[in-house]
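Inspection log for the structure reproduced underneath, given as structure tokens.
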Amino acid sequence: MENFPVINMEKLNGEERKATMETIKDACENWGFFELVNHGIPTEFLDTVEKMTKDHYKNCLEQRFKELVASKGLNAVNTEVNDMDWESTFYLKHLPHSNISEVPDLNEEYRKVMKEFALKLEKLAEELLDLFCENLGLEKGYLKKAFYGSQGSPTFGTKVSNYPPCPTPDLIKGLRSHTDAGGVILLFQDDKVSGLQLLKDGEWIDVPPMRHSIVINLGDQLEVITNGKYKSVEHRVIAQTDGTRMSIASFYNPGSDAVIYPAPSLVETETEEKNQVYPKFVFDDYMKLYAGLKFQAKEPRFEAMKTVEANPSLAAIATA
């Protein structure tokens, strides 16, 4: 099995730019995942984010998770659990409107740090979108513009997760297999406790924990806009018997009313246009559909959105 793609972003500024862009292209086309190092976010800052996130879990969420597990009898399961995940999570919204000041149990310093982290990740996401444009032969700024709805902003938020030790990892997943609905996902993950896996060529492959790296994966919207040149890829989290795994996943997604469709320059012929694999839809309609079908294959979601495209009056039914 070939090595998991690791991109050193410093090499984009020198003689190795062409080779680095080629590695990014291959990762987007054949993996749907890659890992960034030297991405411009200071390592000391990442250490602060990690320490504060782990302290917050220990002080505010760990006991609640234990109580939840006990109340649902998850410590003593003897058959596979398919309707729950072994994870403790909370969500932060950044764009178009922030909710960081309203999320309970966060101290002021942690709020401030997570706001700053979001700004750094937003900048990194937009840098990546322009690198994708360059590789795809799209005008610079095309993807960023495609993500902007009428409010002139993407939807951007963060899911902060902890995956505590699990006594039966063979019976309950940390997070069940799925593709991500949105655009670009930027993950800062634990560098000691592993668990994230992606599906490639029918095999589950570990995404290696690397200190101070940011893991990137592509969501369904980029598959649609690139007309399938780039793919969103199934992934999951395997619960571990030892150690709590930290995961901070930030989702740079289209604005809720952004209209998503394949970039015309990537739809090669009239024939292909008639047999369009990917539909045209409003992002929010897709998200409503995804909410009920997250842990199922993406292809039926695309097909359902084609029905909506052909008959907009079905939108309410398809997304109910």
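For the residue pair Asp220/Thr179, the side-chain donor-acceptor check at 3.5 Å is satisfied. Checking His212 against Asp191 by side-chain atom types alone, no donor-acceptor pair falls below 3.5 Å. Under the 3.5 Å distance criterion, with hydrogens and angles disregarded, a donor-acceptor pair is assigned to the side chains of Lys298 and Ser232. Counted by atom type alone, Asn30 and Asp26 present one or more donor-acceptor pairs between their side chains at under 3.5 Å. Between the side chains of Asn99 and His97, not a single donor N or O lies within less than 3.5 Å of an accepting N or O.
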Full working for side-chain hydrogen bond (donor to acceptor under 3.5 Å, both in side chains) between Glu62 and Tyr57: CA-CA 6 Å; Glu62 186 173 37; Tyr57 173 72; 4.7 Å; no
Run the side-chain hydrogen bond (donor to acceptor under 3.5 Å, both in side chains) test on Thr244 and Asn162 for me, step by step, so that the C-alpha distance in whole Å, both residues' side-chain angles and the decisive distance to 0.1 Å come before the verdict. CA-CA 6 Å; Thr244 295; Asn162 281 275; over 6 Å; no
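Checking side-chain atoms of Arg301 against main-chain N and O of Gln296 turns up a donor-acceptor pair under 3.5 Å. Checked by atom type and distance alone, the side chain of Thr155 pairs as donor or acceptor with a backbone atom of Pro254 at under 3.5 Å. Side-chain atoms of Ser213 never come within 3.5 Å of backbone atoms of Pro209 as a donor-acceptor pair (strictly under, hydrogens ignored). Looking only at distances, no side-chain donor or acceptor of Lys18 sits under 3.5 Å from a matching main-chain atom of Glu15. Not one N or O on the side chain of Asp180 forms a donor-acceptor pair closer than 3.5 Å with the backbone of Gly182. Formation of a donor-acceptor pair under 3.5 Å by the Gln221 side chain with backbone atoms of Ala181 is found in this model. For Asn227 (side chain) and Leu266 (main-chain N/O), a donor-acceptor pair under 3.5 Å exists by modelled atom type. Judged by distance alone, the side chain of Arg111 and the main-chain N or O of Leu106 form a donor-acceptor pair under 3.5 Å.
Using a 4.5 Å heavy-atom threshold, the side chains of Glu126 and Phe147 count as separate. Taking 4.5 Å as the limit, some side-chain heavy atom of Pro262 sits within range of a side-chain heavy atom of Val224. You'll find the side chain of Asp242 stays beyond 4.5 Å of the side chain of Pro165, heavy atoms only. Taking 4.5 Å as the limit, some side-chain heavy atom of His235 sits within range of a side-chain heavy atom of His178. Counting heavy atoms from C-beta on, the side chains of Trp86 and Val237 never come closer than 4.5 Å. Contact of the Ile41 side chain with the Phe188 side chain is not registered, since no non-hydrogen atoms from C-beta on lie closer than 4.5 Å. Using a 4.5 Å heavy-atom threshold, the side chains of Tyr148 and Ser153 count as separate. The closest side-chain heavy-atom distance from Pro5 to Phe33 is not below 4.5 Å.
Note on Asp47 versus Lys51: no salt bridge recorded, every NZ/NE/NH1/NH2 to OD/OE distance being 4.0 Å or above. Remark: Glu108 does not engage Lys112 in a salt bridge, criterion side-chain N to carboxylate O under 4.0 Å. A salt bridge is absent between Glu50 and Lys192; no separation between the charged side-chain nitrogens and carboxylate oxygens falls under 4.0 Å. Taking the charged nitrogens against the carboxylate oxygens, Asp85 and Arg236 have no contact shorter than 4.0 Å, which rules out a salt bridge.
Using the six-membered ring where Trp is involved, His56 and Tyr110 have ring planes that are tilted, between 30° and 60° apart. Classification of the Phe281-Tyr286 ring pair by plane angle, with boundaries at 30° and 60°, yields parallel.
Closest of all the heavy-atom pairs between Asp206 and Phe4 is O-CD1, 4.4 Å. Closest approach of Trp31 to Asn3, counting heavy atoms only: CZ2-O, 3.5 Å. Summarising the geometry of Ile172 relative to Cys166, their closest heavy-atom pair is CG2-SG, 3.5 Å, with the distance given to 0.1 Å. The heavy-atom pair separating Gly149 from Asp257 by the smallest distance is CA-OD1, 3.1 Å. Residues Leu138 and Ser265 approach most closely at CD2-OG, 3.3 Å, considering heavy atoms. What you find for Gly157 and His94 is that their closest heavy atoms are CA-CD2, 3.6 Å.
Met9 pairs in a side-chain contact (heavy atoms from CB on, under 4.5 Å) with only one of the listed residues (Val37, Leu131, Thr20), which is Leu131.
More than 12 heavy atoms of other residues, nucleotides or ligands lie within 6.0 Å of NZ in Lys159, so this atom counts as buried by the packing criterion. Remark: Gln63 CD is packed, more than 12 non-hydrogen atoms of other residues, nucleotides or ligands lying under 6.0 Å away. In this structure, Tyr261 places its OH atom where only 12 or fewer heavy-atom neighbours from other residues, nucleotides or ligands lie under 6.0 Å away. Heavy-atom neighbours of Glu29 CD from other residues, nucleotides or ligands within 6.0 Å: above the threshold of 12. Remark: Lys93 NZ is loosely packed, at most 12 non-hydrogen atoms of other residues, nucleotides or ligands lying under 6.0 Å away. Counting non-hydrogen atoms of other residues, nucleotides and ligands closer than 6.0 Å to NZ of Lys11 gives a total of 12 or fewer.
We find the CG-OG1 distance between Leu74 and Thr168 to be 8.0 Å, quoted to the nearest 0.5 Å. The CG atom of Asn253 lies 6.0 Å from the CE atom of Met287; values are rounded to the nearest 0.5 Å.
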